[in-house]
Engineer: 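Next up is a structure, given as structure tokens.
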Amino acid sequence: MATPLMAGLAVAAAAYAGRYGIQAWQAFKARPPTMRKFYEGGFQPTMTRREAALILGVRERTPTDKIKEAHRRVMIANHPDAGGSHYLASKINEAKDMLVGKTKGSGSAF
């Protein structure tokens with residue numbers, strides 16, 4: 001008599017565990033995608049094309065019109081008149097100038 005009862009409890013436990021596993025898997029699949037990881041390092045003393053591309057979020061060989069679009073997008077988010085940092089704004093401008101080809105070295109005011 002005890003054996004069928006134990007078998008029934010084991011089947012019920014396996015069913016509940018399976019149900020929980022399916023719910024956990026569906027919740028895992030439905031989670032939002034992870035955000036893009038940004039460059040965490042500081043600024044180099046003299047800006048390079050690689051650093052300029054990282055600041056603007058473009059590739060080093062991106063066309064000029066795409067560089068200007070990226071510059072505008074990043075400057076809107078970091079403009080000093082909108083509460084952004086003057087230092088970051090100067091670095092963003094320096095990055096655009098570096099990629100467009102207007103400057104060769106560090107033209108930052110800081």
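FYI, side chains are in, hydrogens and waters are out, and symmetry mates aren't considered; it's all heavy atoms of this structure. Keep in mind that what you see is a predicted model, and the values were worked out from it rather than measured.
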Engineer: Hey, what do you get for OG1 (Thr46) to CD (Glu94), rounding to the nearest 0.5 Å?
Structural biologist: 8.5 Å
Engineer: State, yes or no, whether a side-chain contact exists between Lys96 and Ile67 at a heavy-atom distance under 4.5 Å.
Structural biologist: yes
Engineer: Does Glu51 reach the main-chain N or O of Gln44 with its side chain, forming a donor-acceptor pair under 3.5 Å?
Structural biologist: yes
Engineer: Taking side chain to side chain contact (heavy atoms under 4.5 Å, CB included) as the test, write out the residues that go with Arg59, two or more places apart.
Structural biologist: Thr62
Engineer: Which distance, rounded to the nearest 0.5 Å, do you find between the NE2 of His86 and the CG of Asp81?
Structural biologist: 7.5 Å
Engineer: Can you confirm whether Ile92 sits close enough to Tyr87 that some side-chain heavy atom of one is under 4.5 Å from a side-chain heavy atom of the other?
Structural biologist: no
Engineer: Got a second to check how far Leu99's CG is from Met47's CE, nearest 0.5 Å?
Structural biologist: 8.5 Å
Engineer: Rest of the hydrophobic cluster containing Ile22 (Ile/Leu/Val/Met/Phe/Trp/Tyr, side-chain heavy atoms under 4.5 Å)?
Structural biologist: none
Engineer: According to the ring-ring contact (aromatic ring centres under 6.0 Å, His included) rule, which pairs have a member within residues 6-29, sequence neighbours left out?
Structural biologist: Trp25-Phe28
Engineer: Listed by chain and number, what are the side chain to side chain contact (heavy atoms under 4.5 Å, CB included) partners of Pro32, not counting sequence neighbours?
Structural biologist: none
Engineer: Evaluate Arg49 against Arg61 for side-chain contact (heavy atoms from CB on, under 4.5 Å), listing each step before the verdict.
Structural biologist: CA-CA 9 Å; Arg49 287 189 66 83; Arg61 300 291 178 203; 4.1 Å; yes
Engineer: Side-chain donor-acceptor contacts of residues 68-78 below 3.5 Å, not counting sequence neighbours, with atom names and distances?
Structural biologist:
{"residue": "His71", "atom": "NE2", "partner": "Asn93", "partner atom": "OD1", "Å": "2.7"}
{"residue": "Asn78", "atom": "ND2", "partner": "Val74", "partner atom": "O", "Å": "3.0"}

